Number of protein chains: 2
Amino acid sequence: MLSDVMEDYLKATYVLQREGGPPVRTSDLAEYLGVTPPTVTSMLEKLADRELVEREKYKGVELSDEGETVALEILRHHRLLESYLAEHLDYDWSEVHEEADALEHHISEAFERRVANALGEPRVDPHGDPIPTEELAPLADDDTAALADIEEGETVTVARVSDRDDEHLAYLAERGIEPGAELDVVTVAPIDMVTVHVEGDEIHLPTAIAASIRVERETRATA
Amino acid sequence: MLSDVMEDYLKATYVLQREGGPPVRTSDLAEYLGVTPPTVTSMLEKLADRELVEREKYKGVELSDEGETVALEILRHHRLLESYLAEHLDYDWSEVHEEADALEHHISEAFERRVANALGEPRVDPHGDPIPTEELAPLADDDTAALADIEEGETVTVARVSDRDDEHLAYLAERGIEPGAELDVVTVAPIDMVTVHVEGDEIHLPTAIAASIRVERETRATA
DNA sequence: ACTAAGTTTTAGACGCGTCTAATGCGGGGT
DNA sequence: ACCCCGCATTAGACGCGTCTAAAACTTAGT
Ligand SMILES: [Mn+2]
Ligand SMILES: [Mn+2]
Ligand SMILES: [Mn+2]
Ligand SMILES: [Mn+2]
């Protein structure tokens, strides 16, 4: 009953709302989705009519519970697909995103279930992002920090890497910076640069990239 | 560059052309695709403009070489997906068709390759239909006969079952009539019915169903 | 050769998702 | 308080894939 495109707007709104908080603005969605602002406005009207978002004109939009559920459903598809491609079809975790984006709107509930089952009901995808449960319960708040904000001398564990950019992902993959990796933060931003040690290697990361790596401070997650 | 819908028209044209020969008529496509004849006419014009079909007005349409290649590509996706779902995701061969139909337009060439590889480059799908090669070479002509046309007393091997109808498929699956099964044809059409023995069981098949089961007479294929 | 039946095409419309150009709103700096 | 500027919305258009209703063609039967 919802088009692919509507599902993408809802997913985008969810992601942006999670990182910037509501309301999500027209221009942010336009940029995220690669579309012009008037296009977003008209879609947002449609979504508001269907009560998938609450819209305040000129302010932006916030997902309704129903809209959030749709977003979680698509996110579950996306992340399950990424996990499956990586685990069973030999994809590298840096090339998995695009394929999942194309498929996420077209799989049945049966497919979702069987893939989840084949994977053993995973909780996180290859980038470290949480996979919504089958019941689509709201996700826990994110309590990680950006690598760019860590102090020199700290040791942290990589929790997530942004799946938004293939190039960055490939760059990090080559250097062993992936969810679960331990990082010693050596220097921060002598000039727009973070230097870390990982597995004995010294790696230099532009701040733009370091900002998209989320880390945990204590090793509390090694349960 | 081609829309999903165009791909579906090309695939449908291929299938109909294979079973009825060219030209494929507007109304046949309309019925096959569940769409009205004017809709087909307008799509066929578009396809002819792009030289994917040769069209003779009021007569019908025949695939160009390029159109056939597209059709084979989609058919390859479809049948590879069906095979993969059956083999690796625990689908029954009677429920595989719909999922493949939804996914066939959205997988990448990389996905196609990895799935083919995981399956060991299969030649036929779970319904016994041939899978086009990666190079999309034209398929060999079909030399099977319809079960409905077999004489009483013959023993035949099931080559293919039509994947068009879930209900029929489930019916046949339950009774062990699947590609590779040996059938003794006991009686033909006492009144619209074919009776066969398979694995010791006696099965009665309405002619409508028997017409959609393709069989081989000699056991020559047991190479 | 004519006509009726059936099929195909033309004509005109609609909803969707998108765009560009023009207009409208609203908050921050003087 | 006012003005500007940036952002958002409105207005109007377009291509796609679909439809219904009307017209045109084909063909088979007399
Ligand atoms: Mn998507
Ligand atoms: Mn991911
Ligand atoms: Mn299809
Ligand atoms: Mn099949």
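In what follows, every chain begins at residue 1, and chains take the letters A, B, ... in the order their sequences are listed. Note that the structure is predicted; figures quoted are calculated from it, not measured.
Among the atoms of the strands shown, only primed sugar atoms or phosphate atoms (P, OP1, OP2) are found under 4.0 Å from some heavy atom of A/Thr26.
Between B/Arg114 and A/Glu95, at least one side-chain nitrogen of the basic residue sits less than 4.0 Å from a carboxylate oxygen of the acidic one, meeting the salt-bridge criterion. We find that B/Arg79 and B/Asp163 are not joined by a salt bridge, their nearest charged nitrogen and carboxylate oxygen being 4.0 Å or further apart.
Between B/Trp93 and B/His127, the ring-plane angle classifies as perpendicular under the 30° and 60° cut-offs.
Out of C/dG17, C/dT10, C/dT8, the shortest distance to the side chain of B/Tyr58 is found at C/dT8. Across C/dG17, D/dG17, D/dC19, the shortest atom-to-atom separation from the side chain of A/Lys46 is found for C/dG17. The listed nucleotides are C/dT18, C/dT7, D/dT18; the one nearest the side chain of B/Ser27 is C/dT7. Closest to the B/Met43 side chain, of the nucleotides D/dG17, C/dT8, C/dT18, is D/dG17. Here C/dT8 is the nucleotide among D/dC19, C/dT8, D/dT10 with the atom lying nearest to any side-chain atom of B/Thr41. The side chain of A/Ser42 lies closest to C/dT18, out of C/dT18, D/dA8, D/dC19. Considering only the side chain of A/Thr36, C/dT20 comes nearest among C/dT20, D/dG17, D/dC19. Comparing D/dT18, C/dC19, C/dG17 by their nearest atom to the side chain of A/Val35 picks out C/dC19. Checking C/dC19, D/dT9, D/dC19 against the side-chain heavy atoms of B/Pro38 singles out D/dC19 as nearest.
In this structure, B/Met1 atom CE and D/dC16 atom P are separated by 11 Å, rounded to whole Å. Between A/Leu33 atom CG and C/dT18 atom C1' there is a gap of 13 Å when expressed in whole angstrom units. Between the P atom of C/dG6 and the CD atom of B/Glu31 lies a distance of 16 Å, rounded to the nearest Å. Between the P atom of C/dT8 and the CZ atom of B/Arg55 lies a distance of 11 Å, rounded to the nearest Å. Between A/Glu7 atom CD and C/dC16 atom C1' the separation is 15 Å, expressed in whole Å. B/Leu44 has its CG atom 15 Å from the C1' atom of D/dT18, to the nearest Å. We find that CD of A/Glu56 is positioned 10 Å from P of C/dG27, with the value rounded to whole Å. Note: NZ (A/Lys59) to P (D/dG6) measures 20 Å, nearest angstrom.
Between B/Thr39 and the phosphate of D/dG17, there is no side-chain N or O to OP1/OP2 separation shorter than 4.0 Å. One finds no side-chain N or O of A/Ser3 lying less than 4.0 angstrom from the OP1 or OP2 phosphate oxygen of C/dC16. Using a 4.0 Å cut-off, no side-chain N or O of B/Arg25 falls inside it from OP1 or OP2 of C/dT7. OP1 and OP2 of C/dG24 both lie 4.0 Å or more from every side-chain N or O belonging to A/Lys57.
Judged by distance alone, the side chains of B/Ser108 and A/Glu99 do bring a donor and an acceptor atom under 3.5 Å apart. A donor-acceptor pair shorter than 3.5 Å can be found between the side chains of B/Asp8 and B/His105.
For the pair B/His78 and B/Glu104, the tightest heavy-atom approach, listed with the atom from each and the gap, is ND1-OE1, 2.8 Å.
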